[in-house]
Amino acid sequence: MTAPALGPRTAHKPSTLRHIALAAALIVLALLVVFGVTLRATYSQGAAEDRLRNALSASSELELLLTQHVAANTDFMSSAHTAGFNSGAWPVRRAAAVASAYERLEADLADTPESVASVKELRRLSTIWPEQLDAAARTIALAGETSPVDAGLLQRANDTFSSIMNILTMLRTRERDEIAQMQFKSQSELAGQKIFLSVLGTTGALLLVLLLYTSHRAALARATAKVVASEAERRFEEYFQNHPVAMLIYDVDSYLILTANAAAQRQYGASLQQLRETRMDQLRPAEEAEHFCRDLKQYVESGVQGGSGGLRRHRRADGTTIYVDIAFHLLDYAERKACFISARDVTAHERAKEALRVRSSALEASRSAVLISEKSAGASIITYANAAFEKITGFPAREVIGLEHWSVLGFDVTSEQARSVQLAMQSDTEGSALLGCHRHDGTHYWSQLQVAPVLDESGRPTHCVTVFNDVSERIRDQERLRALAQQDPLTQLPNRLGLNAQLNRLFSLTRRDNERIALVFLDLDNFKVVNDSLGHTAGDALLREIAYRLSSRTGPHEFVARYAGDEFVVVLYGRGDIEGFVTAAREMQAALSRDVRIENRLVRPQASIGIAVYPDHAQDPETLLRCADSAMYRAKPVGPNGLQIFDEAIAQENSERAAMAHDLRNALACGALSLAYQPRLSLETGLANGFEALVRWDHPKRGSVSPALFVPIAEENGLITEIGEWVFEQACRQTKVWARQHPDIVVSVNVSPVQFLRSDLLSVVTEIIQRTGVNPRNMEIEITEGVLMAAQSVATLRGFRKMGLSVAIDDFGSGYSSLGYVRSFMADRLKLDMSFVKGIGVSTADEVIVKAVIAMGRTLGMQVVAEGVETHRQLEFLIENGCEEIQGYWYARPTDAARAAAYLDTPRQVARVAGGSNL
């Protein structure tokens, strides 16, 4: 303000003085006003600076609290899959830092009651939230062992966290708004002061100084606000980029992702640029995109600034689906309406929950009863029982929870089987047992029970799982099968297995009572005649009658067993000395010899009998049975109804056979066996067109052992299978050598009937053929007539034929097979038994049989080989009747491979003349 100018008039000096005084007063007043305004501005500026400092401090404390709570939540989530009974999200240092922050925050906001109330509520939530996290950690730790995960605890902790985030966000927004208002007010005051100072510009330097001072303070306030904003932005950027949880910001209108932190880039398998080219709804599976848009619209329209978005499915860049836990906050970003989200990957946790759910459902759906018990104070307390437990035992599953493990299983805990599984539980190892149990209603059942420990992460056993089934039906079936397996279906007598089982029990009684046991081994002498003449039906009827007659002669503790075919064993007990047993055996033999009428025919059974007595002849059931069998075979040559008691001579013979069996096994292992080859002469060409491979054994002490002696021994002890494989392989290797110059050669190998009992004979022969590389058409399998009657033999023989091997029936005519079996399998070659060849020129009947066999073979397309040809007369007869091949000493004896090869190149002239032949 400018004072009016003073004039030169003196008459008006008082007036002038008054004007001067007035001007002075005005100047003074102006100065006072300026001073007052300056003082007031200075005071207001100081208060504003104090408030600004408090607001900045409060904003910093709120940032600290936000960081601590997010870090605690991240720690909890990151360790959820390995959590123990404490979450570990709220250590002492973090709790102390948060408490100090609350103290400073309440001081900074002391003049704002509403904010103080929010801080108190925030402090209360921060107190209960760690407890909720610990409770959630405990349910996760126990999940899958005692109970499923309690989703309610997790949800309450998540809700508390969301409330904390919302309050922190609200307080931060309030403080930022207040800082902005303070900046605006400061700028407004600055503008007023400028106007006022321009009006009072005439007051001089004081007003100029005030103006300069005020401008300086305003500039300082602007600089301070800029620094605060820059620091807040820096801290947010650092928090955003370095946070371990995936975070994204997207435009709420276009859904375009505006930015994403490094964790998000790793989580979604995409670069920042790739994410920026992606819409947020494209992170969701296609079928959920519409739900996303609808939910976002509802959030925006509701005015809610942030909260939990719940569990959602997202897609990675490679198309795989992950589960994420969403938290969101609506904000302004880069001058756009945007949404900030954190997307914590909980895929592993969700899959673990799904696995737990599936396992829980599987346990409930299982037909096996399942108990889970917890080890507590030396006892096992049941914590879980499935539906099958209730069905099997009759105990309501909910009523057994909390009871002792063994109290509800209903079996004798003192039994040996029960003690074994109890010991397994106590030693934290696996165990199993078959137990007889009782249901809730007292009914009995059989249980197959298994126990196994459950270990925690450190390997410490905490629980035990017990699984059992009702196997009563299986046990009953086993008993029935055992009974059937030990019983002969034809005679209803015990079979060989039944004999062994009952004999073992009887031996225990015998030792206790110091009594004797006798085994009477019977073999029917004329049973084959009955079968061949009257048929198998008649033979079965005879066996049933024999069983009845023998059983009627037994007393207490005695029984009869059908050992095999037409062999029976009678077990006699407590009849005094050996003579008493012999007398009983004679009476049985006499009872058997009475005529039996079968199909209007009278049959008189006869039986050879061997007797062995315990303890005179053997000390155990197996040896005693073997002694009785040996005695029976000694009685056979005596004639029908022979009876033999086991003696030292038989024992010596058995010992000799055992020693020979031992030596034979060593001979095979040491390569002491060899092959000889007997040529087979073609009567048409005069050349050997093949050989029969024969096994030979030269014993270092016994000399050359006859195959007729050691082959039966090998068949008895099962060694024949190994010998047979060895013979066949050696013959194959030699045949391959001969076939290089004589491609049509055929070498035959005998196969024992015992070998046909093995189901893998065909595969064994195939493997040897492949290993040696011999052409199968150069090999021939020789079998006896009895093999044709064995089960599955025809199928095996046809398998040989399919491979290319030929098949010959050895010793034809001497066996007991019918021509029906020959018709079932048309062999390539029939080898006429030498007993009929020897009868040529001696027995008209034998000559008729020879002619018939040759004619049959020629008619059926089978080559006929006459074995055992030793004389010129035999040869002439065979030539005259069209026999094709011969084998015997007249032509060649068995010899080694080197000498046998000569017969392939040296023909033997065979000339036919009227009335005979010249050779």
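The first residue in the sequence is number 1, and the count goes up from there. Excluded from the calculations below are hydrogen atoms, water molecules and symmetry mates; all remaining heavy atoms, backbone and side chain alike, are included.
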Side-chain contact, heavy-atom cut-off 4.5 Å: Arg284 with His314?
yes
Can a salt bridge be assigned to the pair Arg313 and Glu287 using a cut-off of 4.0 Å between side-chain N and carboxylate O?
yes
How about Tyr268 and Thr278: does a side-chain donor come under 3.5 Å of a side-chain acceptor?
no
Flag if over 12 foreign heavy atoms under 6.0 Å of CZ, Arg315:
yes
Worked verdict on Val421 versus Phe468 for side-chain contact (heavy atoms from CB on, under 4.5 Å)
CA-CA 12 Å; Val421 291; Phe468 61 92; over 6 Å; no
If you measure from the Lys or Arg side-chain nitrogens to the Asp or Glu carboxylate oxygens, is any gap between Arg123 and Glu103 under 4.0 Å?
yes
Roughly how far, to the nearest 0.5 Å, is SG of Cys339 from NZ of Lys337?
13.5 Å
So, Thr466 and His405: side-chain donor and acceptor under 3.5 Å apart, yes or no?
yes
With sequence neighbours excluded, residues passing ring pair (Phe, Tyr, Trp, His ring centres under 6.0 Å) with His69
Trp90, Trp129
Test of ring centre spacing under 6.0 Å for Phe395 and His440
yes
NZ/NE/NH1/NH2 to OD/OE distance under 4.0 Å, Asp295 and Arg312
yes
Say whether Gln422 and Gln426, considering side chains only, have a donor N or O and an acceptor N or O under 3.5 Å apart.
no
